[in-house]
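What follows is a short report on a single structure.
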Amino acid sequence: MKRTKIKHLLKGEEGEVLVKGWVRTRRDSKGGFSFLEINDGSCFANIQVVAEHTLAEYPAIESQLTTGSCVSVRGNLVASQGKGQSKEVLATEIQVYGPAPVETYPLQKKKHSFEFLREIAHLRPRTNTFGAVMRVRNRLAFAIHQFFQDKGFLYLNTPIVTTSDCEGAGEMFQVTTLDLSNPPSANGKIDYSQDFFGEKTSLTVSGQLEGEIYAMALSEIYTFGPTFRAENSNTSRHLAEFWMVEPEMAFYDLDDDMDLAEEFIKYLLSDVMEHCAEDMEFFNKRIDTTILETLKNITSSSFERLTYTDAIHQLQKSSETFTYPVEWGFALQAEHERYLTEKVFKKPIIVFNYPEQIKSFYMKLNEGGETVRAMDVLLPNLGEIIGGSQREENYDVLLQRMRDKDLDPEQYWWYLDLRKFGSAPHSGFGLGFERLVQFVTGMENIRDVIPFPRTPKHAKF
RNA sequence: UCCGGUGUGGCGCAAUGGUAGCGCACUCGACUGUUAAUCGAGUUGUUACAGGUUCGAGUCCUGUCACCGGAGCCA
């Protein structure tokens, strides 16, 4: 007989079934039977199994039917006599695959702090919260592909090991096979010509530049893969290894770029509310009681778009006192972004046309040369979730901007070639996947929305 | 990396410088188609680590480590 997942069982017909999963709790009745709550991760809900103590194997396995143990249950799916559930399985045969001794099994049938669960990251997926987070994460990943595929974007795999330092910013993890205790040297420096790739290599911090290569041939592409930053960031919003989505589109200007970003976010939020309703109910009840209302509001209203200059005016005319100065030409600080999203507009905003000197070399210079066509999508309570721009397609302007920012044009020869041959206006953006999962679930710490978080001093599990 | 905070039974927390307690979990018993079950009893500690002050340190001081919150960097 084939095993039926609990998700299907709960919607299925009454009759004989085979269930497999992990015991969440057991409640004994002196009426001669016990209730087992079984979860197999297929959905948030458990299935209640009624185990009569008259079952032949029961006396032998009773002590093993504890929280955390894994079981296989054959039985009949029937209407429940109790109140908490409509259906339950009346067991005819129970097999214990793997017991979980109560004296040593770390998870208890009670609430645990997320800090504690991080220390047992190999067991935390067995909790309600992490099961829900990972189902939502999975659905969001699926919806991202669906959104772009429906629009005819090509899914592009950009390299993980790279020789280019994408934006000239951001510390990178070096990749090497050299003997670190005795590296070969030439002219007093490490001789990377003897390294595996024959030159110095690192883990990618972004697939954008490579994405542009393919957008300049296939029109619309998107990447969705891991990226790495060796920054010593210790916050609830940063990881050393995280997943990023980066669409890149030929013939899109900044307005098209912002339109796509807004449509994208709304699509993802709607999709997850529709397809992960039960998990989202849980988040709304236990993690953040305003999350569903917030998500609904976002999908039904338009994002406020304002220029960087307007944002500065808004901040300057407010009565709020800020720690950091509000002055044209300075970057917007977290406190400024929070004020705009949470106090002024109370919804997502898109700030665009930033000062040239605080943004990257590849962003298209506006007329006048003061600002570039960059945009950031800022969410209430979270901050920046998307950063994007129209790219500079003019060879001479791009070359000059690289020189102004002390970048070596020779290193970017292939990037410049894209402007030398068949250049086209194009745009793109990057979305931090974990930040999206964070926002959708209401989870406060980014370490709790990725299966295996990598942060400074932490790569266990 | 900077600022602030916290490290005490398995988990969550308490303890004017003076005998380390409580809740949950767990064990046993009672009761029950139960559902965070309930009621009664019981077990559980090198107070993060290393030094120091003191008659006496969980508590005060110094250092180290870990974790949390905020900031910077960003996604």
Side-chain angles (χ1 to χ4, degrees), chain A residues 24-38 45-52 63 66-68 78-85 88 90 101-120 123 127-128 166-167 169-171 205-208 226-246 261 286 322-324 331-338 358-360 376-379 382-388 429-439 444-450 455-458 460:
Chain A
R24 283 292 172 77
T25 68
R26 183 181 104 202
R27 293 178 295 271
D28 295 330
S29 168
K30 278 297 183 290
F33 48 92
S34 294
F35 299 100
L36 298 173
E37 291 282 339
I38 311 290
N46 304 321
I47 185 78
Q48 174 164 288
V49 168
V50 179
E52 297 276 0
S63 66
T66 56
T67 299
V78 297
S80 178
Q81 297 173 38
K83 284 178 180 166
Q85 59 287 314
E88 65 190 14
L90 192 56
V102 290
E103 314 87 57
T104 50
Y105 185 61
L107 288 174
Q108 302 166 1
K109 53 173 193 177
K110 57 174 276 191
K111 198 177 174 188
H112 289 291
S113 69
F114 293 135
E115 292 83 359
F116 171 68
L117 292 174
R118 264 170 236 152
E119 294 170 9
I120 49 167
L123 297 173
T127 61
N128 281 336
C166 173
E167 308 179 17
E171 292 294 312
V205 292
S206 165
Q208 181 201 314
T227 48
F228 307 86
R229 305 273 167 94
E231 308 279 354
N232 192 4
S233 297
N234 293 287
T235 82
S236 56
R237 304 180 308 285
H238 291 84
L239 291 166
E241 177 182 304
F242 64 100
W243 288 64
M244 195 149 63
V245 180
E246 295 178 291
R286 292 290 169 87
F322 297 109
T323 310
Y324 288 86
L332 293 179
Q333 300 296 318
E335 57 172 350
H336 304 141
E337 296 178 353
R338 291 186 72 108
I358 59 171
K359 287 291 182 181
S360 298
D376 285 349
V377 178
L378 310 175
L379 297 181
L382 188 87
E384 185 178 347
I385 190 167
I386 281 179
F429 62 78
L431 170 132
F433 184 53
E434 282 75 18
R435 288 198 181 165
L436 174 72
V437 182
Q438 245 189 306
F439 186 73
E444 286 186 352
N445 198 308
I446 201 165
R447 298 173 181 98
D448 299 327
V449 297
I450 187 168
T455 51
K457 302 255 170 70
H458 197 100
K460 280 203 193 77

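Every chain is numbered from 1 and lettered A, B, ... according to where its sequence line falls, protein lines coming before strand lines. Keep in mind that this is a model prediction, so the values were computed, not measured.
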Can a side-chain donor-acceptor contact be found between [Y] and [X] if the only test is distance below 3.5 angstrom?
X: A:T67; Y: A:Q108; value: no
X: A:N128; Y: A:R24; value: yes
X: A:H238; Y: A:T235; value: yes
X: A:Q438; Y: A:R447; value: no

Original post:
With respect to the phosphate group of B:U35, does any side-chain polar atom (N or O) of A:R27 fall under 4.0 Å of OP1 or OP2?
Top reply: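 Indeed not, no polar side-chain atom of A:R27 lies that close.
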Heavy atoms under 4.0 Å, any strand shown: does [X] hit a base, just sugar-phosphate, or nothing?
X: A:S236; value: sugar-phosphate
X: A:F33; value: base
X: A:Q81; value: base
X: A:S233; value: base
X: A:T67; value: nothing
X: A:F439; value: nothing
X: A:I386; value: sugar-phosphate

Once you round it to whole Å, what is the distance between [atom2] of [N] and [atom1] of [X]?
X: A:F116; N: B:G9; atom1: CZ; atom2: P; value: 12 Å
X: A:E115; N: B:C11; atom1: CD; atom2: C1'; value: 12 Å
X: A:E103; N: B:C26; atom1: CD; atom2: P; value: 11 Å
X: A:H336; N: B:C73; atom1: NE2; atom2: P; value: 11 Å
X: A:L36; N: B:A37; atom1: CG; atom2: P; value: 13 Å
X: A:Q85; N: B:A36; atom1: CD; atom2: P; value: 10 Å
X: A:N445; N: B:C68; atom1: CG; atom2: C1'; value: 9 Å
X: A:L431; N: B:C74; atom1: CG; atom2: P; value: 17 Å

State which of [options] makes the closest approach to the side chain of [X].
X: A:F35; options: B:G33, B:G72, B:A66; answer: B:G33
X: A:R237; options: B:A75, B:A37, B:C73; answer: B:C73
X: A:Q48; options: B:C68, B:U35, B:A71; answer: B:U35
X: A:Q108; options: B:A25, B:C73, B:U1; answer: B:A25

Indicate, yes or no, whether a donor-acceptor pair under 3.5 Å links the base of [N] to the side chain of [X].
X: A:R447; N: B:C68; result: no
X: A:D28; N: B:U32; result: no
X: A:E88; N: B:G33; result: yes
X: A:H238; N: B:C74; result: yes

Original post:
Between A:E384 and A:R237, is the closest basic N to carboxylate O distance under 4.0 Å?
Top reply: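 Result for this pair is no, no salt bridge flagged.
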Subject >> CH2 on A:W243 to OG1 on A:T227, rounded to 0.5 Å >> reply: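 Output value for this atom pair is 9.5 Å.
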